[in-house]
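Step one of this worksheet: look at the structure below.
Just so you know, ligand 1 is whichever comes first in the structure, and atom 1 is the first atom listed for that ligand. Along the sequence shown, the residues carry numbers beginning at 1. Heavy-atom basis, side chains included; hydrogens, waters and symmetry copies ignored.
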Amino acid sequence: MNVAQNIVAGLDRILTMELVRVTERAAVAAARLRGRGDEKAADQVAVDAMRQELNRLAIKGTVVIGEGERDEAPMLYIGEEVGTGKGPAVDIALDPLEGTTICAKNLPNALAVIAIAEKGSLLFAPDVYMDKIAIGPGYAEGVINLDASPAENIASLARAKGVAVSDITTCILDRPRHAKLIDAVRATGAAIRLIGDGDVAGVIHTTDPDETGIDIYLGTGGAPEGVLAAAALRCTGGQMQGRLILDTPEKVARAAKMGISDPKRIYHAEDMARGDVLFAATGVTDGNMLAGVKFGGTYITTHTIVLRSSSRTVREIKARHQDLDKF
Ligand code: VTB
Ligand code: MG
Ligand code: MG
């Protein structure tokens, strides 16, 4: 097969497989520091490892969602060029360790995450909060609405799913700012899974409620994490809406600099991640969908999910790494 045939639509599909190594490497590095109570150290090794592996890819990549602005993040900063430079121009959203605190505490669902899209097709989101709502695939458009109340959204989802409201499980970040939201959901009779961190995983979990037990994600979390989750949902199917929380003139100005002219806009998953999108996540700690890294005597095992939007392929890759010197 020649290169032209391999590019079915959008991005070269070989990149899907290449991405696995990138998140695997970051996850293994972070997992070595799992449960050590040092989130910064775990984050740093994940960033180093992801960057090293990313720079081996035959792409001309630009980090658009990364570790922060250039002056605050020495590596994988927004605007950093990554890859060998010989290959397609792509935009990259990444979080080498999504859930630094959960990794430090060795709690469920810490992930190494990356998404790649065609140049110019990922939302250039400032590092502010985003109000989010997400459900999995199989529902008609319009079942959820960010502007509707939690009770309305939960009732609408229960109706669409053909179950009672009390059979619905929501996922919400355990934060004081969510006190009202939590009360409103409790008043409906639906269940809540409160998570300490990791709302990329929280959103993705809605795509497989039978396995994860989560039907709907609600609440505010990081905007960069919102774009990453949207990239995953574009591949698995499902619906997501997000709105940046630009509640100070400074934030509005910062967003405007990044090209966001309507501060109140509701973004759907396909507005945050357009065109052909590839996504990979490797489990760092054991989670509802992905197992964490396991260190055996002679090999290391990793569990990764790799997604591609143009084919809607969902692959799970369990890898046994025997060349331990590499890690
Ligand atoms: C969430 C969570 C992330 O940031 O996006 C959160 O999913 C939002 O910020 O894992 P707060 O912690 O201030 O609520 C993380 O916790 C870290 O990236
Ligand atoms: Mg990070
Ligand atoms: Mg994060």
Practice problem: Step through the shown structure and confirm whether more than 12 heavy atoms of other residues, nucleotides or ligands are within 6.0 Å of CZ on F295. | Solution: yes

Quiz item: Tell me, do D95 and V200 make a side-chain contact under 4.5 Å, heavy atoms counted?
Solution: no

Quiz item: Less than 4.0 Å between a side-chain N and a carboxylate O, is that true for R193 and D174?
Solution: no

Quiz item: Would you call E53 and R56 a salt bridge, taking side-chain N to carboxylate O under 4.0 Å as the test?
Solution: yes

What donor-acceptor contacts under 3.5 angstrom involve side-chain atoms of residues 219-228, with partners at least two apart or in another chain?
unit_1, atom_1, unit_2, atom_2, d
T220, OG1, R177, NE, 2.6
T220, OG1, H178, NE2, 3.1

Quiz item: Can you name the residues that come within less than 4.0 Å of ligand 1, going by heavy atoms only?
Solution: E98, G99, Y129, L173, R175, R177, D197, G198, D199, G221, G222, E225

Quiz prompt | Check: V82 and L76 side chains under 4.5 Å, non-hydrogen atoms | solution = yes

Practice problem: Could you tally the protein N/O/S atoms lying less than 2.8 Å away from the Mg ion (ligand 3)? | Solution: 3

Quiz item: Ion pair present between D167 and K161, side-chain N to carboxylate O less than 4.0 angstrom?
Solution: no

Quiz item: What residue among T23, V63, V47 forms side-chain contact (heavy atoms from CB on, under 4.5 Å) with L94?
Solution: V63

Self-check item: Connected hydrophobic set around I214, excluding itself, where side chains approach under 4.5 Å
Solution: none

